[in-house]
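This is a predicted model, so every value here is computed, not measured.
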Amino acid sequence: MNYWLLKSEPNTYSISDLERDGSTSWEGVRNYSARNNMRQMKVGDLGLYYHSNANPPGVAGICKIAREAYPDYYAWNKRSKYYDDKSSREKPRWFMVDVQYVESFDELLSLERIKDTKSLRDMVLVKQGRLSVQPVKQSEFDAIVRMAGGGGRRG
DNA sequence: GCCAACGTTGGC
DNA sequence: GCCAACGTTGGC
């Protein structure tokens with residue numbers, strides 16, 4: 001199984017929203033690297049749910065991939081803010097997955113603490129920053145869950 | 001609101 | 001294919 005980190009702005013859709021909804025579709029990714037990462041996801045993979053543009057930013061909890069990549073149909077809807085005329089039904093350019101709520105950490109694990117942790121210094125989150133869907137090593141996933149006091153093991 | 005670090009676009 | 005101009009992300 002693989003591990004991922006998914007960024008969402010809590011103003012737009014926080015982990016509490018995901019908890020309320022149970023699951024959600026992850027549309028609107030318009031970056032090729034992020035899209036390619038999504039296409040690697042398998043049902044059951046676990047994701048760190050990251051709050052970006054937040055105060056403070058950090059990992060808020062855990063989610064699970066509930067459906068593998070399928071065409072992002074928002075790209076075909078002219079009235080959607082995710083509309084892209086270069087994506088067609090015949091040749092979809094963008095993809096989305098479904099994610100399911102797993103757990104919220106009691107306390108957000110801040111980006112600052114992640115940066116201060118030696119074993120997490122090589123995370124894409126720290127090294128590259130801006131990517132909204134990124135791979136995470138199992139060791140990194142485990143360390144973050146441990147630091148956040150989460151119980152989120154597979155399941 | 002600023003701006004660094006990327007990504008994308010399009011002229012050539 | 002190069003690269004300048006522009007747009008976006010996201011921390012601060």
Expressed as a whole number of angstroms, how long is the span from [X]:[atom1] to [N]:[atom2]?
| X | N | atom1 | atom2 | result |
| --- | --- | --- | --- | --- |
| A/Asn36 | B/dG7 | CG | P | 12 Å |
| A/Glu9 | C/dT9 | CD | P | 8 Å |
| A/Glu112 | C/dG10 | CD | P | 19 Å |
| A/Leu6 | C/dT9 | CG | P | 15 Å |
| A/Arg35 | C/dT9 | CZ | P | 16 Å |
| A/Gln134 | B/dG7 | CD | P | 12 Å |
| A/Arg113 | C/dG11 | CZ | P | 17 Å |
| A/Lys115 | C/dC12 | NZ | C1' | 9 Å |

message = Base of C/dT8, side chain of A/Arg30 - is there a donor-acceptor contact under 3.5 Å?
response =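 Per atom types, no contact qualifies.
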Distance below 4.0 Å between A/Lys7 side-chain N/O and C/dT8 OP1 or OP2 =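 Looking at the OP1 and OP2 atoms of C/dT8, neither is under 4.0 Å from any side-chain N or O of A/Lys7.
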message = Can you see if the side chain of A/Tyr50 gets near the phosphate of C/dT9 - specifically, an N or O under 4.0 Å from OP1 or OP2?
response =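 For C/dT9, neither OP1 nor OP2 has a side-chain N or O of A/Tyr50 closer than 4.0 Å.
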request  = Select from A/Asn53 and A/Ser33 the residue whose nearest nucleotide in DNA chain B is closer to the 5' end of that strand.
outcome  =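 Nearer the 5' end of the strand: A/Asn53.
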task = For A/Arg130 and for A/Lys86, locate the closest nucleotide of DNA chain B by heavy-atom distance; then report the residue assigned to the nucleotide nearer the 5' terminus.
result =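 It is A/Arg130 whose nearest nucleotide is closer to the 5' end.
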task = Could you please spell out the steps behind the side chain to side chain contact (heavy atoms under 4.5 Å, CB included) verdict for A/Ile15 and A/Ser104?
result = CA-CA 7 Å; A/Ile15 196 158; A/Ser104 303; 3.9 Å; yes
message = Under a 3.5 Å distance rule, please check whether A/Arg35 uses its side chain to pair with a backbone N or O of A/Arg93 as donor and acceptor.
response =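 Checked: pair present.
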inquiry  = Of the options C/dG11, B/dA5, B/dT8, whose atoms approach the side-chain atoms of A/Tyr32 most closely?
reply    =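 Closest nucleotide to the A/Tyr32 side chain: B/dT8.
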task = Answer with base, sugar-phosphate or nothing: what part of the nucleic acid does A/Gln128 contact at a heavy-atom distance below 4.0 Å?
result =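 Touches sugar-phosphate only.
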message = Can you give me the closest heavy-atom contact between A/Leu109 and A/Ala148, atom names plus distance?
response =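 For A/Leu109 and A/Ala148, the tightest heavy-atom pair comes out as CB-CB, 4.3 Å.
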query = Do the side chains of A/Tyr73 and A/Ser80 get nearer than 4.5 Å, heavy atoms only?
reply =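 Contact flag for A/Ser80/A/Tyr73 side chains = no.
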query = Taking the six-membered ring for Trp, is the centroid-to-centroid distance between A/Trp94 and A/Tyr32 below 6.0 Å?
reply =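 Distance test on ring centres: under 6.0 Å, yes.
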